[in-house]
Amino acid sequence: MKKLVYLFICCMPITLMAQSIDRTKAPAPGKAPLIQVGNPVKYTLANGLQIFVVKNTKLPTVVASLVINLDGVKEGDKAGVADMAGQLLKRGTTSMSKEVLDEAVEYLGGSLNTSSLSATVSSLKYNFPKLFELMSAVILHPSLANSELEKVRVQTLSGIESNKDDADAISNNVMSKLVYGPNHPFGEIATTKTVNAVKIEDVKNYINSYWKPNMAYLVFVGDIEPAEAKALAEKNLGVWKKGITIPQNFPKPVKPTSTYVAIVDRPASVQSVVAIASTVDLVKGAPNDISANVMNNILGGSFSGRLFNNLREAHGFTYGAYSSLTPNRQIGIFSAEASVRNEKTDSSIQEMLYEINVIRNNKVGDTELNRMKNYLAGGFARSLESPATIANFALNIAKYNLPADYYQKYLTKLAAVNADNVQTAAKDLLNPSQMHIVIVGNAKQIAKGLEKYGPVKYFNIEGNEVTAPKEAKVDASLTSEVLIEKITTAMGGAAISNIKDVQLIGKVNIMGQSLDMNQKLLIPGNAIQTMSMGGMVISKQAVVNGKYEMSQQGQQAPITDEVKEGLDESTHLVPEQTYVSKGYKFTIVGAEKVDGKDAIDVELVTPSGKKSHRYYDATTYLLVKTMKSQEVPGRAAVVQQEFFKNYQTVEGVSFAKETTIDLGQFKMNINYNEIKVNQGLKLEDLK
């Protein structure tokens, strides 16, 4: 009995307490704590190089990063020189060729990388001193050889060419140029012309002007004693001569007097890349920088942002829509971006502007605000697990002249952000009446109705204003029947009937890999196409003697009516000749620009009901492009475009020697170097 009474007395306070709690309400958050952020050990060498050391012994590795304290450089007609210089730095020293240097780094099991404003080396603790010595040699004694510059130039030009077909890259370039202006360092675009203008003297001038110890920070993170790190720095970089600090005072970009729409016409686009952007006066450490960050994250900083929920979840316009707010000592930038279906371009702009106006004009609710503050607090807390975070905090404090306790008080300041702060930040930083709306897409399909957001202007991929594109038109007298006749004539006319078999041999380049392509046709009705690497077949598609087959890496694909239709088409040199007899619908629906030339747009509907478009050069009537889309459950439609170029006549028949298959995420380029006809192929040769 005594034991029962004792238990009752012990449990009574708990019971009473439980009864007094209102479990329908979330508990009030506690007071935000001051964070004890570890301080790196700091040194300054006689030449002005500032050193930060964060010791961490969890792994026997060390990373050292040298960072140049620079916001940007005005490059003018040599735009691209800074990036090229950064690439050139690690391509050998005055005493080691690139090959010898690369071999030395690999032998030590480390990595060495450089950029226009940094150099980084990492390795296991045991080999680190030798690798740091190599990085120091790269910084102090780069070879900067003209022969290596030419290799960097080729790579840079290749990247520029690749970006010409990348709608996101085009959007970023044009947005930067329009938002900052062509005369601001942040608005410069590297082009083929500017990159070709870069000489080795320009690279050396960049390095000599900006790579100075008193304009740099050196950060060590890992299993290393501070004294050891300092000794390494003094031994290897102590002789680095101090230089004149170049002031960073760029002219402030002028905002547009009113919002306007900038269209970059890209007829091949099946979706539009939309960006709404403006400069912002925001520096890290400013009184409103934390509330501004909360505001941007609520608007579109993540998949839980309003832009994402509106454009994707509510309307299904896009995979995702986001915004970013980037502070900078010179001038910051705000941007909201999304890739949307062509027909929803206008609606997407309307919804993006709507959300910007809502966060300016209406206070955020407590639930949404607290959820975002908790999310940001959690991310901050998790970041403290990385020693690199501590080093980054120290760099920011030095670079932005922040209070020493800035990060210790971060959570306290974050917790203090209220709805008024968020709205004030939105009103101060976001002005929808002075923004740039940049759209990269098919102007013919998206331009109508956009003038309600402001004047509509057109720009090329380098951000230069151009005249509005002229709409391609089709001869009104041209019928589908006449077009098929012209296509047949263009392909070879009577000579087509003389072709009994064809073999096309070439190379396929996809995602940096080179494959062998072999295509054989035995007319009528038989074809096989294989892609292989090192003699091993990667993919195969065939219709031989009425039997259909499709396989990928040995795995057989199901043979549907759509697959059969596609394989049947591949057995004909001019499939258009068979469309009418096989029940296809071949309808001229308009005209488009393909590679800058007028093309006739034909909608093709197969007997199974699958739709696609075929585009024929309006002058030659040769096929220049096909386009089809396929619905993917849970995702937007995947669009495939195929481009045909460089036609060559063999035995009177025209063949496209180059084909590019564009799937959006990646491209596949096919180049045929051999075209053989009438070799006497048999069915057994189609294996």
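Every value quoted in this text rests on a predicted model; they were computed, and no experiment measured them.
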- Task: Determine whether N671 and V508 make a side-chain contact, defined as any pair of heavy atoms from C-beta on separated by less than 4.5 Å.
- Result: no
- Query: Partners of F459 by ring-ring contact (aromatic ring centres under 6.0 Å, His included), sequence neighbours excluded?
  - Reply: none
- Query: More than 12 foreign heavy atoms under 6.0 Å from NZ of K585: is that the case here?
  - Reply: no
- So, do I359 and R306 sit near enough that their side-chain heavy atoms are less than 4.5 Å apart? yes
- Verify, without hydrogens or angle tests, whether Y584 (side chain) and E576 (backbone) share a donor-acceptor contact under 3.5 angstrom. no
- Item | Enclosure of K486 NZ (heavy-atom neighbours >12, cutoff 6.0 Å) | no
- Query: For the atom pair CD1 (I461) and CD1 (I189), what is the distance rounded to the nearest 0.5 Å?
  - Reply: 9.0 Å
- Please check if the side chain of Q248 supplies one atom and the backbone of D71 the other of a donor-acceptor pair under 3.5 Å. yes
- Between A426 and M295, the two heavy atoms sitting closest are CB-CG, 3.9 Å
- Message: Set out, in order, the CA-CA distance, both residues' side-chain angles and the distance that settles side chain to side chain contact (heavy atoms under 4.5 Å, CB included) for N646 and F655, then state yes or no.
- Response: CA-CA 8 Å; N646 191 15; F655 296 88; over 6 Å; no
- Query: Any side-chain heavy-atom pair from T156 and Q87 closer than 4.5 angstrom?
  - Reply: yes
- Lys/Arg cation over aromatic Y615: K625, 6.0 Å, 45° cone: yes
- Note on the structure: In terms of heavy-atom contacts, Q423 and R360 come closest through NE2-O, 3.0 Å
- Message: As an exercise, state the distance from CG of N442 to OG of S269, rounded to the nearest 0.5 Å.
- Response: 7.0 Å
- In plain terms, say whether E161 and K164 are close enough for a salt bridge, that is, a side-chain N and a carboxylate O under 4.0 Å apart. yes
- Query: For N293 and D289, what are the C-alpha separation, side-chain angles and deciding distance, and is it a side-chain hydrogen bond (donor to acceptor under 3.5 Å, both in side chains)?
  - Reply: CA-CA 6 Å; N293 185 44; D289 76 329; over 6 Å; no
- Task: For the pair N249 and R329, evaluate side-chain hydrogen bond (donor to acceptor under 3.5 Å, both in side chains) and give the outcome as yes or no after the intermediate values.
- Result: CA-CA 9 Å; N249 294 310; R329 288 182 297 188; over 6 Å; no
- Near-ring test Y579/F586, centroid separation under 6.0 angstrom: yes
- Below 4.0 angstrom, N of the basic side chain to O of the carboxylate: do K252 and D281 qualify? yes
- Between the side chain of S323 and the main-chain N/O of G300, is any donor-acceptor distance below 3.5 Å? yes
- Query: Who passes side chain to side chain donor-acceptor pair (under 3.5 Å) against Y322, sequence neighbours left out?
  - Reply: none
- Task: Spell out, as yes or no, whether a donor-acceptor pair under 3.5 Å connects the side chain of S162 to the backbone of S158.
- Result: no
- Message: Please evaluate residues V73 and Y210 with respect to the criterion side chain to side chain contact (heavy atoms under 4.5 Å, CB included), reporting the C-alpha separation (whole Å), side-chain torsions for both, the decisive distance (0.1 Å), and the verdict.
- Response: CA-CA 9 Å; V73 177; Y210 300 105; 3.6 Å; yes
- State, with a plain yes or no, whether a side-chain heavy atom of L299 is found less than 4.5 Å away from one of I356. yes
- With the side chain counted from C-beta on, respond yes when K657 and I675 share a heavy-atom pair under 4.5 Å apart, and no when they do not. yes
- Query: Would one find more than 12 heavy atoms of other residues, nucleotides or ligands at under 6.0 Å from atom NZ of K399?
  - Reply: yes
- Contact check, side chains of I246 and S209, non-hydrogen atoms, under 4.5 Å: yes
- Reported CG-to-CZ distance for the pair L430 and F334, which is rounded to 0.5 angstrom: 5.0 Å
- Message: Whether the side chain of T259 engages the backbone of P432 through a donor-acceptor N/O pair (distance < 3.5 Å, no angle test) should be reported.
- Response: yes
- Only pairs at least two apart or in different chains count here, so list each salt bridge (Lys or Arg N to Asp or Glu O under 4.0 Å) that has a residue in residues 258-269. none
- Query: A277 and V179: which non-hydrogen atoms are nearest, and at how many Å?
  - Reply: CB-CG2, 3.8 Å
- Do the charged groups of E75 and K78 touch, with an N to O distance under 4.0 Å? no
- Message: Looking at R153 and V195, would you say the former's side chain and the latter's main chain have a donor-acceptor pair under 3.5 Å?
- Response: yes
- Item | Minimum heavy-atom distance T620-A490, with the two atoms named | O-CB, 3.2 Å
- Query: Is there any side chain to side chain donor-acceptor pair (under 3.5 Å) pair reaching into residues 454-467, and which pairs are they, with sequence neighbours excluded?
  - Reply: K177-N464
- Message: Do M627 and E642 make a side-chain contact, defined as non-hydrogen atoms from C-beta onward lying under 4.5 Å apart?
- Response: no
- For A292, check side chain to side chain contact (heavy atoms under 4.5 Å, CB included) against everything at least two apart and list the hits. L282, L325, A425, L429
- Can you find a side-chain donor-acceptor pair between K255 and Q434 that sits under 3.5 Å? no
- Query: How far apart are the C-alpha atoms of T587 and V602, what are their side-chain angles, what is the distance that settles it, and do they pass the side chain to side chain contact (heavy atoms under 4.5 Å, CB included) test?
  - Reply: CA-CA 5 Å; T587 309; V602 175; 5.6 Å; no
- Query: To the nearest 0.5 Å, how far apart are NZ in K628 and OG1 in T606?
  - Reply: 10.0 Å
- If you round to the nearest 0.5 Å, how far is CD of E313 from OG of S304? 11.0 Å
- Item | Pairs touching residues 595-606 that satisfy salt bridge (Lys or Arg N to Asp or Glu O under 4.0 Å), sequence neighbours left out | K593-D598, D595-K645
- Could E201 and K199 be called an ion pair, given the rule that one side-chain N must be under 4.0 Å from one carboxylate O? no
- Query: Going through the distances and angles, do S324 and S335 end up as a side-chain hydrogen bond (donor to acceptor under 3.5 Å, both in side chains)?
  - Reply: CA-CA 5 Å; S324 61; S335 67; 3.0 Å; yes
- Item | Full working for side chain to side chain contact (heavy atoms under 4.5 Å, CB included) between Y354 and N310 | CA-CA 10 Å; Y354 166 79; N310 183 324; 4.1 Å; yes
- Answer yes or no: does atom NZ of K452 have more than 12 heavy-atom neighbours from other residues, nucleotides or ligands under 6.0 Å? yes
- When rounded to the nearest 0.5 angstrom, what distance separates CG in L88 from CD1 in I200? 5.0 Å
- Task: State whether a side-chain donor-acceptor pair under 3.5 Å links D77 with T194.
- Result: no
- Nearest non-hydrogen partners of N342 and Q445, listed with the distance: ND2-OE1, 2.8 Å
- Message: Quick one, I437 and I439 - any side-chain contact, counting heavy atoms below 4.5 Å?
- Response: yes
- Query: Hey, does the side chain of S272 reach the backbone of V274 with a donor-acceptor pair shorter than 3.5 angstrom?
  - Reply: no
- Query: Which pair of non-hydrogen atoms, one from Y206 and one from A85, has the smallest distance, and what is that distance?
  - Reply: CD2-CB, 3.6 Å
- Task: For S115 and S118, run side-chain hydrogen bond (donor to acceptor under 3.5 Å, both in side chains): C-alpha distance rounded to whole Å, both residues' side-chain angles, the deciding distance at 0.1 Å, then the answer.
- Result: CA-CA 5 Å; S115 73; S118 69; 2.7 Å; yes
